[in-house]
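Structure first, then comments.
Throughout, a chain's letter reflects where its sequence line sits, starting with A, and its residues are numbered from 1.
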Amino acid sequence: MPDPRPDLPAATETDGGNDVGAVIEPVVCVACGCLCDDLVLTTNGDRILAIEPRCERAEAWFLEVRPDESNLALALIDGRRATLAEAATRSAELLAVARAPQILGLGGSTNQAVAAAVQLADLIGAVVDPASGPAVARNVALARTGRVSATLGEVKNRADVVVFWGADPVRTHPRHWERYSVLPAGRFVPQGRTGRTVIVVDDRRTATAEQADHFVEIDRTREFEAFWTLRALVKGLDVDPDRVRRNTGLALEHLRRLAGLLRAARYGALFHAPPGDSATLPETAAVTEAANGLVRELNRHTRFVILGIGEPGNPSGAQAVLAWQTGFPASVDLAAGFPESLPGVTSAADRLKRGEADVALVVGAAGRALLDEAPGRPAAIVIGPPATSGATSQEVAVLCHAAIPGLEEAGTVMRADGVALPLRPVRRSRFPTEREWLDAIHDAVLRGETP
Amino acid sequence: MIVPRTLRIAGGRLVDPANGIHDEVRDVWIEGGRVIDPPADPDAKTARTIDARGSVVMPGGVDVHSHIAGSKVNAARMLRPEERRGPGAVWPRKRAFRSGTSGSVPSSFVTGYQYAGLGYTTAVDAAIPPLGARQAHLEFANTPVIDKAMLVLMGNHHAILDRVRGGSEEQLRQAVAWLLDCAGGYGVKLVNPGGVEQWKQGKARLATWDDRVAHFDVTPRQIALGLARAAEQLGLPHPVHMHGMNLGLPGNWATTLEGMKAVEGHRVHLAHVQFHSYGGSPDQTGDFDSQVGPLVDYVNTNANVSVDVGQVVFGETTSMTADGGVAQYLANVTGRKWLSLDVEQEDGCGVVPITYEDRNSVHALQWAIGLEWFLRVDDPWRVALSTDHPNGGSFLSYPQIIALLMDRGLRVEMLGRLPQRVRERSPLGYLSREYSLSEIAIITRAGPARMLGLHRKGHLGPGADADVAIYAPDDDRRRMFALPRYVIKAGEVVVDDGELRSAPDGRTLLAGCEVDPAGSAELDRWLRQEATVHPAHFRLDRDEIARPEVVISRPGCGVSSKG
């Protein structure tokens, strides 16, 4: 895979030869699921001084002051300082003898780092499973019945009805409204905000609901029933009000009015965030499938699309890379020498919980928590930014300090709508990138196989 | 003396129709990835000699229309995990080869291995939206052995429609060049021009070339003509590649004929023409029949037109198209799962599983209509073998199609097993033509290479890319073409004595064309307003493209020049 934008971008001097005030633009921000790609950064050497436009999430991400890392080793083996080669070799030794190795995390990793992880997993016969949150349920639902979706620019240019269902972008995705979904004037929505009907469906009056035109309060444990009832209403079927109230907790009239708003759309967009942690994968998949089914039904009457609200980092990219390299987007088990995937059975999280892993390679900040719950204490290899190397109940056999994707590592990432964007490093790191670590371990395994 | 880095293919039956060689015993000499003249010294030794005596030696296959990468293909992989389980669907890891899965939409590495395993060394993905180009190039980089190129979807692009309506030819040309340049593309693709935009707006389907696209106030005819001109004026190696209107609809033959006339006087390639050759009417599907006749008459008398067939083969596959409306129609008819993705400013994308059944008279007629096309185009240089992979079936079924084209008896036997209605409504049973080896070489490599303007491919004259397939003659043509003895890619032996032995990276072929900086700057500003992606990110850096190679058009490399 070619290495996109391997070099630091050309910084434009704006301050008479002084390093202060160098401007880097446009920059992609992975701090939230928006993946805005239009940021302008003002830097002084490796320090970022300011960001345009204003965004609290981007500021927290780019302006975070890091502790002094100049004394940190590149790597630690059983707590002792090690070189890149030593750490890679030790990792390779552990992985080569592992009977059930796992590669997990990868939530913020670039597509190129994920590709390197899949290549390594293929070589050693590991499970590779990016931490992809609601995306797993989305995949399961997609594989059952499909999905009618769009890129975010279609929402910007066409959507006259925008529904946030369980999503609260005003709080979690600060620029979602202004860039994509509500405020911009689009080709078919020249009036911008006033040209759109904004509907929030949630279990409480969120910040987003405060700014919406309509708010429907629902019990999110019963949204499966709500979606199916809406689908029936959109289809024009008779439904029994008592049953509807019993199953959804809502008066039929509320749902009928909502169904009417959806059907009246010229081009509707439903941003659906599935219910949170308490739901199981089958439950979340069923809810997502019900939402997809409602949107498919709406397309018999008008145009309507369903989108994810998006997660920080690069979970969509990780899935895409897995899908094209192996055929499956997540939970890929390569132990048999070829890819197999059965979400819930081959998932890294489930296998760890069942004690079915003896060596775990964790890439990035996400995924560490899973190790703490794992019985049998698999040997852990961690590749990640120094901030993740802090205390944990899990002893780490090999700790590899890595540059931070989105700040210090080049590559590509993917929005939740499938649009791929290039990342450029905006500051230098003393540490190898995740991809370099994964490639080094891969090469060390190969060397071990052929002495 | 031994000449290093040379390879001699000795004593084979050379089939190289582009150079007028039709099954003659000749040696092929290769050095540094190219075919060279035989050395003057008849006793010159080579690094390696392949004994090809008795075998058929052809250029590597070239697929002019396939779907192997990008968001639609990857979405299809995600949509269909059920196809990738079980022993026939997996590709185990072997040293130097990656593992993967197949099904109708194989994983990227397997795509490269399987094409190479058939003796194909070049494939064109025929439908990449510019916004999806970055992902498609990443997948290309993970698709080994074969050289790849992409056709860029433009027939519903807002910048194009705006310029067709209100701009000059110069501005339209600039927009085409800008899109090709940003995407790292090879050619211009139209899919139901204007019709996808119309569907995205939720408006009534465009049925004729003179219907008007809502809001943009242009007709499909104007779009097709404008892009055909622009592709010519820019001197692109491949002419406009057109998927016309009303794909798959009974009665669509009339709009297909009208579409060819709409671009009369310009070079055009018609994609998967089988899907556009139906009689009957949308409301009277019982009248469905073959209307290849009037279309092939036009093609036979108009040298500006080339076609690929989009042959249907019986079995399970996955349909994928940039025409979101057609996918919705298909999903509603079949009741199967439906994936759709509208791409901002650009196009649609729809994916639906489909099973072509030989007991189904419509499917069986589609099968017959495809074969009829191959057998009724007089000049094989203007018809290319394709299944519109995976739409009509996998590219893995090419050997089966070749066998049918070479053997009338096989066709009659197949036809006899199909519903009576097929024999009544298709003239296939009366067509006695049988393809020769040379003609097979034309429709699978020499012709597609010429249509694409790939002057170093599709032949084995000095200077040609050393992409070679060597087949052991076999009365069972299907077996012969499914299992080449040797495949050589850029001079490297990748299939050696029937075994895939290595998988070097292929190249990415780009069209060389002039980009106007001022015009591009204006389009960048437009994009900044309309899209959600910064123009600097819309445009791919050259180093995001795997082993790029720019192809410059050669005058006179036209589709109509006979070999």
Report yes if some heavy atom in the side chain of L123(A) is under 4.5 Å from a heavy atom in the side chain of R98(B); otherwise report no.
-> no
Taking C-beta and beyond as the side chain, do T532(B) and R415(A) meet within less than 4.5 Å on heavy atoms?
-> yes
Assert top hit (heavy-atom pairs under 4.5 Å, partner chain A, pool R528(B), E344(B), E82(B)) equals E344(B)
Could you tell me whether the side chain of P339(A) reaches within less than 4.5 Å of the side chain of R84(B), counting heavy atoms only?
-> no
Could you tell me the separation between the CG atom of L138(B) and the CH2 atom of W324(A), rounded to the nearest 0.5 Å?
-> 4.5 Å
Residues E530(B), R187(A): salt bridge by 4.0 Å N-O rule | yes
Distance col, row S340(B):OG vs I306(A):CD1, nearest 0.5 angstrom, shows 12.5 Å
Looking at side-chain heavy atoms only, is the closest gap between R77(B) and F328(A) below 4.5 Å?
-> no
Heavy-atom check, side chain of H537(B) versus side chain of P26(A), under 4.5 Å | yes
Mind ranking V118(A), V332(A), N292(A) by heavy-atom pairs under 4.5 Å with chain B and telling me who comes out on top?
-> V118(A)
Rounded to the nearest 0.5 Å, the CD atom of Q529(B) sits from the CG atom of N157(A) at a distance of 10.5 Å
Give the intermediate values and the outcome of side chain to side chain donor-acceptor pair (under 3.5 Å) for residues H534(B) and D37(A).
-> CA-CA 6 Å; H534(B) 195 285; D37(A) 76 335; 5.7 Å; no
Rounded to the nearest 0.5 Å, what's the gap from CZ on F338(A) to NZ on K94(B)? Could you check?
-> 13.5 Å
Begin from the C-alpha positions of R303(A) and D342(B) and carry the test salt bridge (Lys or Arg N to Asp or Glu O under 4.0 Å) through to its verdict.
-> CA-CA 11 Å; R303(A) 288 306 325 281; D342(B) 296 345; 3.1 Å; yes
Are any non-hydrogen side-chain atoms of Q135(B) and V419(A) less than 4.5 angstrom apart?
-> no
Under 4.5 Å to a heavy atom of chain B? For V305(A) that would be side chain
Is there a donor-acceptor contact under 3.5 Å linking the side chains of N142(B) and Q325(A)?
-> yes
Checking R158(A) against chain B: side chain, backbone, both or neither under 4.5 Å from a heavy atom?
-> side chain
For the pair R93(B) (side chain) and A336(A) (backbone), establish whether a donor and an acceptor sit closer than 3.5 Å, ignoring hydrogens and angles.
-> no
Non-hydrogen side-chain atoms of E154(A) and K200(B) separated by less than 4.5 Å = yes
Is any side-chain heavy atom of K337(B) less than 4.5 Å from a side-chain heavy atom of L142(A)?
-> no
Can you say whether the rings of F188(A) and F216(B) are parallel (under 30°), tilted (30 to 60°) or perpendicular (over 60°)?
-> perpendicular
What part of T326(A) is in contact with chain B, defined as an atom under 4.5 angstrom from a non-hydrogen atom: side chain, backbone, both or neither?
-> backbone
Taking D38(A), N299(A), V28(A) one by one, which has the highest count of heavy-atom pairs under 4.5 Å against chain B?
-> N299(A)
